[in-house]
Amino acid sequence: MQSESLVKTFGGRNGIPEVQALRGISLTIASGQMAAIVGPSGCGKSTLLYALSGLERPTAGEVRIEGEDITSMNDERKATLYREAMGFVFQSFNLVPSLKARENIVISDRLAGRRADLARADSILVSLGLAEKGLSEISSLSNGQQQRVALARVLYAQPRIVFADEPTGALDSTNARTVLDQLRSYADLGHTVVMVTHDLEAACRADTVFVMRDGLITHSLMRPSAEQLLALVSEPEARNGK
Ligand SMILES: Nc1ncnc2c1ncn2[C@@H]1O[C@H](COP(=O)(O)OP(=O)(O)OP(=O)(O)O)[C@@H](O)[C@H]1O
């Protein structure tokens, strides 16, 4: 996946102040790699993730996914790409409340009219620490449990690329580790994982970490330590003596 001079501007019309969320982002994420995007709140991480996944149309620039320019792709081709190649773990979990947890996980097969592999769904639930939750109503699950069901649904569908926005955001440290282990293993199987995170320990599980500030990538690092990242993410504050 590649982006070239990606720009995203919000507002700027009808008296709404202009915000330049992305100010020219060019990056490459190799297939089968896990990438993390970090940086202070408001620096543009989620906007970048949405633009890379084609969910947000950039103001300028290009994103190529598996060689195809997603920014100029027609809706039908994009829908096919979403169905066949991409999975999303976003802050709104988008689970179907009328279906139990396990049925949410196998929904890709149900929608396609295929036989669901319930045993595989159960083993994914076990790997995410949700062994007993397959038959639970979504409304009875905590935020963190729902977040893991959303991840289980993506892992079940086996997309080539997973986009995750704060995948450990609602989780305690034990469950965060479990989720990161699963994302790491998923990348180790040859899939691409792109994750936005505030958690620098989580970012260190990635192969490449992009550090953002004010709509730009300031650093691109291979397997950095949490200390290295902390120094970069808190640089100006450190300079200002805060
Ligand atoms: N739909 C929108 N309309 C207007 N401004 C937006 C919109 N989405 C994001 N922004 C602005 O763009 C900038 C980048 O936002 P973004 O959510 O991408 O940052 P972030 O780094 O993901 O922040 P956080 O870590 O707090 O989630 C912010 O100034 C934000 O207010």
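Order of listing sets the numbers, starting from 1, for every ligand and every atom in it. Not measured: the values here are computed from a predicted model. For this chain, numbers begin at 1 and follow the sequence in order.
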What protein heavy atom is closest to atom 25 (O) of ligand 1, reported as residue, atom name and distance in Å?
-> Lys45 NZ, 2.7 Å
With a 4.0 Å cut-off on heavy atoms, is Gly11 touching ligand 1?
-> no
Other residues, nucleotides, ligands: >12 heavy atoms within 6.0 Å of Gln20 CD | yes
Measure the distance from atom 1 (N) of ligand 1 to every protein heavy atom, then report the residue, atom name and distance (to 0.1 Å) of the closest one.
-> Phe10 CE2, 3.5 Å
Give the intermediate values and the outcome of side-chain hydrogen bond (donor to acceptor under 3.5 Å, both in side chains) for residues Tyr156 and Asp109.
-> CA-CA 9 Å; Tyr156 179 86; Asp109 278 345; 2.5 Å; yes
Salt-bridge test for Arg205 and Asp181: reply yes if a basic N is under 4.0 Å from a carboxylate O, no otherwise.
-> yes
How about Arg64: does its CZ atom have over 12 heavy atoms from other parts shown lying under 6.0 Å from it?
-> yes
Look at atom CD of Glu18 and say whether more than 12 heavy atoms of other residues, nucleotides or ligands are closer to it than 6.0 Å.
-> yes
His198 heavy atoms within 4.0 Å reach ligand 1 at atoms 25 (O)
Is there a nitrogen or oxygen of Gly42 sitting under 3.5 Å from a nitrogen or oxygen of ligand 1?
-> yes
Looking only at N/O atoms, are Cys43 and ligand 1 under 3.5 Å apart anywhere?
-> yes
How far is atom 17 (O) of ligand 1 from its nearest protein heavy atom, and which residue and atom name does that atom have?
-> Ser46 CB, 3.9 Å
Would you please determine whether Gly215 falls within less than 4.0 Å of ligand 1 on a heavy-atom basis?
-> no
Using a distance threshold of 4.0 Å (strictly less than), state whether atom 12 (O) of ligand 1 has a protein heavy-atom neighbour.
-> yes
Under 3.5 Å: N/O of Gly44 near N/O of ligand 1 = yes
Examine ligand 1 and decide if any of its atoms is less than 4.0 Å from a heavy atom belonging to Gly39.
-> no
Does the protein put a heavy atom less than 4.0 Å from atom 30 (C) of ligand 1?
-> no
Are Arg184 and Asp207 ion-paired here, with the side-chain N under 4.0 Å from a carboxylate O?
-> yes
Is Leu52 reachable from Met195 through a run of hydrophobic residues whose side-chain heavy atoms are each under 4.5 Å from the next?
-> no
heavy-atom search around atom 26 (O) of ligand 1 in the protein gives Ser41 OG, 2.5 Å
Should we say atom NZ of Lys78 is surrounded by more than 12 heavy atoms from elsewhere, each under 6.0 Å from it?
-> yes
Which residue supplies the protein heavy atom nearest to atom 18 (O) of ligand 1, what is that atom called, and how far is it?
-> Thr47 OG1, 2.6 Å
Count the heavy atoms belonging to other residues, nucleotides or ligands that lie under 6.0 Å from CZ of Arg114, then report whether that count exceeds 12.
-> yes
Subset of ligand 1 atoms that lie under 4.0 Å from at least one heavy atom of Pro40 = 21 (O)
Measure the acute angle between the ring planes of His191 and Tyr186, then classify it against the limits of 30° and 60° as parallel, tilted or perpendicular.
-> parallel
